[in-house]
Amino acid sequence: MQSAGDVMDLLDPSRVSPAIERIGDSPFFAVRSWDLMVEATGRVEDFSSNLTATMVVGPGGEVTEFPVATLGSPVHVLATADGEIHRAHRTLVMPSISPRKLRAWRPFIDDRLRELWSEGHRDGGIDWVKGIAERLPASVVAKLMGLPQQDGDRLCEWAFASTRMLDGMVSAAELDD
């Protein structure tokens, strides 16, 4: 493996090669068969959702692992928890996002949308993603959590950092951030 591009080439579904292949000398494997991915997601007793490591692509293209947590660790949350733990977390979250509860948030969401629009609208336009789509959900979550509104943007930064880890592939520089 010479570069991060080699990793992306390995993941290319049009590439003719085995459906499951080790990525360089790393402990990671690429699965390019949709049928195998569907099978794996249906076999939760054999294949965990736990995020145990993220793939780090070094400056020279080398692929290593950054350990995140062991299988069954209590740090696994809704997106990466398995079975009963996932169900328990989901049971805690779902009452907070019922249609009735969400309707009650409408005034706050409308007001915050207007604020963000006023902040971002310049010269007849707005960067919708940066000005609204990224910031509005983070503002709502910050309010739900009882955080000060100014922490909404920090929450957004933290969310993006955590999703980069969940992507499963980061550069060494991103890992340091």
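Quick note: numbers below take in every heavy atom, side chains included, and nothing from hydrogens, waters or symmetry partners.
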*F28 versus V63, closest heavy-atom pair with distance*: CD1-CG1, 4.2 Å
*Supply the atom-to-atom distance D151 CG to M145 CE, rounded to the nearest 0.5 angstrom.*
9.5 Å
*Please check if F29 and W34 belong to a single hydrophobic cluster, counting links between Ile, Leu, Val, Met, Phe, Trp and Tyr side chain heavy atoms closer than 4.5 Å.*
yes
*Hey, what else clusters with L136 if you join Ile, Leu, Val, Met, Phe, Trp, Tyr whenever side-chain heavy atoms sit under 4.5 Å?*
W105, F108, I109, L113, L116, W117, I126, W128, I132, V140, L144
*Looking only at heavy atoms, which two atoms of G152 and A142 are closest? And how far apart?*
CA-CB, 3.9 Å
*To the nearest 0.5 angstrom, please state how far the CD atom of E134 sits from the CG atom of D127.*
7.5 Å
*If a pair satisfies salt bridge (Lys or Arg N to Asp or Glu O under 4.0 Å) and one of its residues is in residues 94-110, list it, with sequence neighbours excluded.*
R106-D110
*Between the main-chain N or O of S26 and the side-chain N or O of R22, is there a donor-acceptor pair closer than 3.5 Å?*
yes
*asked:* As a quick check of understanding, evaluate side-chain contact (heavy atoms from CB on, under 4.5 Å) for S139 and Q149, giving each step before the final call.
replied: CA-CA 7 Å; S139 294; Q149 193 55 56; 3.1 Å; yes
_Side-chain ion pair, E115 and R112, N-O less than 4.0 Å_ = yes
